[in-house]
Amino acid sequence: MTEAEPAFSICHESAAPIACPRRMNASKALEKTLVASPERKLEADADLVVVRRVQGGDVAAFDQLVAKYRERVVGIVYNMTSNREDAADLAQDAFIKAFQSIHRFQGQASFFTWLYRIAVNSTMSHLRKNRLRSFFSLEGIRGDDPVARDVIEALTDKTGAGRSAFISELQEKLNDAMQKLSINHRTVVTLFEIDGLSHQEIAEVMDCSVGTVRSRLHYAKQLLQAELQPYLRP
Amino acid sequence: MKQDTNRKITVEDLLSLKRAERPPVEFWASFDSELRAKQLAAIVAKRSLWDGLPRIFAAVGRHHLPFGAVAALALTWAGIHYAGGSLDGVHAVSLAPTARAVARVSVPAAPAAQAAGQPALPRVIQVAAPEAAPAPVAAAASRVSEATPAALPEAPARNQFSDVVAVTLADFRATQPELARREIFGSDREFETAVESMRQPAVEPLSRLDPVSDDRRSRLLAGGLPAYASSSPASYASERVRERVSNDRMYESMDPYESSNSRMSLEIRF
């Protein structure tokens, strides 16, 4: 809750973000991203209205932001930690930090990116402090996801015999392969493959260049391919 | 197990399973309640003082050049102010009793000096104020004020220091007369008289030498004169010189070539 996070302290939006050239470059990159995707632009504008209400003293308006982003934030943290309890705690901490620092948010970046950065930095700091601890927990796979359903049907018998055991085994293998990645590579894979962020957004969230994001993603996929080779079909 | 072998499975497909993972509904209920409690605690809890340090450092980092310049100016001003003001302050404090006891009266310089064309130096006469200071202090102050007027502008710091020492010594003598007797400390002029008595009048360095005796003169001159010239067979060294000179004379008297008057015979031996 009150742990020191230098990355968060450095990267979060302050009163005068123009003074930081890296942040300015990231904001420009975000503007390009928002222009490229009108949905994100609309989403950012809607969030900014709610944020202004919170900044004006309407504390209850922050619940809208929590309800909107809690699943995505918990999903990111869970895929980075592979632990449900840690994911819940870290996601709550991220929301609390965002709530405490929301008066410094000026809308030059989208609230979604700002919140992601807080959550990712909190999770990365937590993982660095607890490198040796690995208590995995499995979540249920949502059946209405068409891609996941196709993959499961392709890998298991059409009759459904032994499907749940195979899914559990595959989930363990996936968690194990993800935990073998470094924190940065795992974060990139989580943000790109699982949460669907673009390279530009990942670069802004992780405060690095797009080339670094692409390089990390390529390397992480190679490692995952080697780890999950028995489950792959070329 | 019969599988759909026609479908291609990639890493991205496997990671889509992670995307489909969702916690149960009861998880969100507990998540919301815990988040609400933490949020209320964050509102109620007073933030520590050091939470604002990153903002302070960020502000300093943005304006590091003006802050640095202001800090340098402040340090310079403080250094000049306290370095220059401290001496004045100490001087003012140390001389405060004296300043109260001594009144300075400036009188014009001697008319003779003005007539001689020399610059007129103000003559400072310090007069003790008996109603404001104790008697020993006033006496010491009056004694210190006997300095010549020409020395005052040359070494003001030294005079100030000597003033302080003199006043302190007089004060000590007034308060502790049994410890300030002449047997213990002596007089401040006693050292000068003692040194004056030890001084010798300046004399010619050669006149301070003792006259050389005849014995010593003969001994010194023995090395420079032939032995036969010496009139007195005095010392051992002169005897040896005499012996050596006698042998030389003896060899000189011999003719190694046995030469006669006009012929010389040369004998060669193998």
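Protein chains get the first letters and strands the later ones, always in sequence-line order, with residue 1 at the start of each. In what follows, every heavy atom counts, from backbone to side chain, and hydrogens, waters and symmetry copies are set aside.
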- Item | Approximate separation, where rounding is to 0.5 Å, of B:Leu14 CG and A:Gln171 CD | 12.0 Å
- Carefully, step by step, assess A:Val59 and B:Gln39 under the rule side-chain contact (heavy atoms from CB on, under 4.5 Å). CA-CA 10 Å; A:Val59 180; B:Gln39 193 172 358; 4.1 Å; yes
- Under a 4.5 Å heavy-atom cutoff, which of A:Val189, A:Asp63, A:Val66, A:Ile167 has the most pairs with chain B? A:Asp63
- Hey, could you give me the CD/OG distance between A:Glu85 and B:Ser30, rounded to the nearest 0.5 Å? 9.5 Å
- Query: NZ/B:Lys38 to CZ/A:Phe95 distance, rounded to the nearest 0.5 angstrom?
  - Reply: 12.0 Å
- Query: Does some side-chain heavy atom of A:Leu224 sit less than 4.5 Å from a side-chain heavy atom of B:Leu15?
  - Reply: yes
- Heavy-atom count around A:Lys173 NZ within 6.0 Å, excluding the residue itself: above 12? no
- Segment of B:Ser16 engaging chain A (4.5 angstrom heavy-atom cut-off): both
- Task: Drop me the distance from B:Asp13's CG to A:Ile152's CD1, to the nearest 0.5 angstrom.
- Result: 11.5 Å
- Query: Hey, what do you get for CD (B:Glu34) to CD1 (A:Ile96), rounding to the nearest 0.5 Å?
  - Reply: 11.0 Å
- Enter the distance from B:Lys18:NZ to A:Asn79:CG here, rounded to the nearest 0.5 Å. 4.5 Å
- Considering all heavy atoms, the nearest A:Ala91-B:Phe31 contact: CB-CE1, 3.8 Å
- So what's closer than 4.5 Å to chain B heavy atoms on A:Leu170: side chain, backbone, both or neither? side chain
- Task: May I ask you to list the residues in residues 213-223 of chain A that approach chain B closer than 4.5 angstrom, counting heavy atoms only, ordered by number?
- Result: A:Lys221
- Item | Heavy-atom proximity to chain B below 4.5 Å, by part of A:Tyr231 | both
- Query: So which residues of residues 190-197 of chain A are in contact with chain B at a heavy-atom cut-off of under 4.5 Å?
  - Reply: A:Glu193, A:Ile194
- Message: Other residues, nucleotides and ligands only: do more than 12 of their heavy atoms fall within 6.0 Å of CZ on B:Arg36?
- Response: no
- Message: Quick check on A:Asp89 against chain B: is it the side chain, the backbone, both or neither that has a heavy atom closer than 4.5 Å?
- Response: both
